[in-house]
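All chains are named by letter (A, B, ...) in the order of the sequence lines, taking the proteins before the strands, and each is independently numbered beginning at 1.
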Protein chains: 2
Amino acid sequence: MWTKKRVKAAVLFHALSDETRLDLLDRLKRGEQCVCELTEALQTGQSRLSFHLRVLKDAGLIHDRPEGRWMYYSLNREGLENLEDFIDELKRAIGCSGPSKQCE
Amino acid sequence: MWTKKRVKAAVLFHALSDETRLDLLDRLKRGEQCVCELTEALQTGQSRLSFHLRVLKDAGLIHDRPEGRWMYYSLNREGLENLEDFIDELKRAIGCSGPSKQCE
DNA sequence: ATGATACATCAATAATTATTGATCAATCAA
DNA sequence: TTGATTGATCAATAATTATTGATGTATCAT
């Protein structure tokens with residue numbers, strides 16, 4: 001894994017490294033929702049959620065769609081697929097890296 | 001995803017959210033290595049790596065095996081499998097959460 | 001025993017992230 | 001137009017993480 005890919009992976013994982021953000025993703029599994037719905041659901045401040053939604057968006061994990069005065073957020077297929085790639089790479093290494101095992 | 005699971009996921013993802021730690025995991029894909037080898041490879045301070053190795057270990061992503069005055073680190077199958085579970089759960093949600101789609 | 005090596009841990013500091021309470025722009029309803 | 005609502009963003013602060021250098025504990029070679 002070269003540097004550039006690693007930077008991207010770190011950003012992705014960082015976005016996933018927070019309980020509030022995992023909670024948000026969980027909610028979005030049910031389909032897109034606006035900030036006000038999420039704020040109501042998580043019972044927390046709006047600016048706090050905006051902050052976390054931005055982190056998720058910057059990482060490519062969610063997508064936003066403005067409509068009127070609402071902003072609807074939803075899971076972003078691409079971001080999640082990216083994530084999957086990173087995991088697969090690690091997974092592939094599991095089989096050959098236990099104690100005293102060598103690969104290639 | 002309930003709270004307890006989410007906490008664990010956050011810890012796992014946090015461990016993966018740092019370039020140095022991703023670099024370490026990358027090295028360990030080739031098989032177990034001692035701290036001195038990793039320090040030489042990454043060209044950085046020993047206490048710095050000990051810190052990051054501890055984060056990875058606490059997250060269950062790597063395993064350590066003392067031998068003489070060396071400490072050998074290697075990937076931990078379990079931790080990686082845990083990780084996979086979390087990803088799968090997210091992945092499963094991809095198909096039904098795009099804009100204006102609803103699940104269940 | 002002495003000295004060197006491998007590594008963990010600690011304390012101090014630096015850097016990064018998160019939270020909170022404004023404020024602002026845009027949209028909409030009356 | 002006025003006033004209310006949605007949500008982004010900003011500044012200040014708090015909290016968490018990372019880095020560095022120092023110290024301490026084993027282990028090993030001599």
Checking all strands, does A:G45 fall into the base, sugar-phosphate, or nothing category for heavy-atom contacts under 4.0 angstrom?
nothing
Just how far, in rounded Å, is C1' of D:dT5 from CD of A:E67?
15 Å
DNA chain C: 5'-proximal contact among A:T44 and A:W70 (nearest heavy atom)
A:T44
Whole-Å distance, A:L38 CG to D:dA8 C1', equals 15 Å
Indicate yes or no: does B:E37 engage B:R27 in a salt bridge with an N to O separation below 4.0 Å.
no
Heavy-atom side-chain proximity of B:K57 to B:L61 below 4.5 angstrom:
no
B:K57 NZ to C:dC7 P, in whole Å, measures 14 Å
Quick one: A:Q43 CD to C:dT19 P, roughly how many Å, whole number?
16 Å
B:L42 CG to C:dC7 P: how many Å, rounded?
13 Å
Could you go over nucleotides 8-18 of chain C and give all protein N or O partners under 3.5 Å, atom names and distances?
{"residue": "C:dA8", "atom": "OP1", "partner": "B:Y73", "partner atom": "OH", "Å": "2.5"}
{"residue": "C:dA8", "atom": "OP2", "partner": "B:S50", "partner atom": "OG", "Å": "2.2"}
{"residue": "C:dA8", "atom": "N7", "partner": "B:Q46", "partner atom": "NE2", "Å": "2.7"}
{"residue": "C:dA8", "atom": "N6", "partner": "B:Q46", "partner atom": "OE1", "Å": "3.4"}
{"residue": "C:dT9", "atom": "OP2", "partner": "B:R54", "partner atom": "NE", "Å": "3.3"}
{"residue": "C:dA18", "atom": "OP1", "partner": "A:R21", "partner atom": "NH1", "Å": "3.2"}
{"residue": "C:dA18", "atom": "OP1", "partner": "A:R21", "partner atom": "NH2", "Å": "3.0"}

Answer yes if the side chains of B:R48 and B:T20 hold a donor-acceptor pair under 3.5 Å, and no otherwise.
yes
Can you tell me the distance, in whole Å, between the CZ atom of A:R69 and the C1' atom of D:dT6?
7 Å
Any salt bridge linking A:R65 with A:E67? Criterion: basic side-chain nitrogen under 4.0 Å from a carboxylate oxygen.
yes
Mind calculating the distance between CD1 (B:I62) and C1' (C:dC7) to the nearest angstrom?
14 Å
Exam field: side chain B:S17 to backbone B:H14, donor-acceptor pair closer than 3.5 Å:
yes
Salt bridge or not for B:E89 and B:K5, using N-O below 4.0 Å?
yes
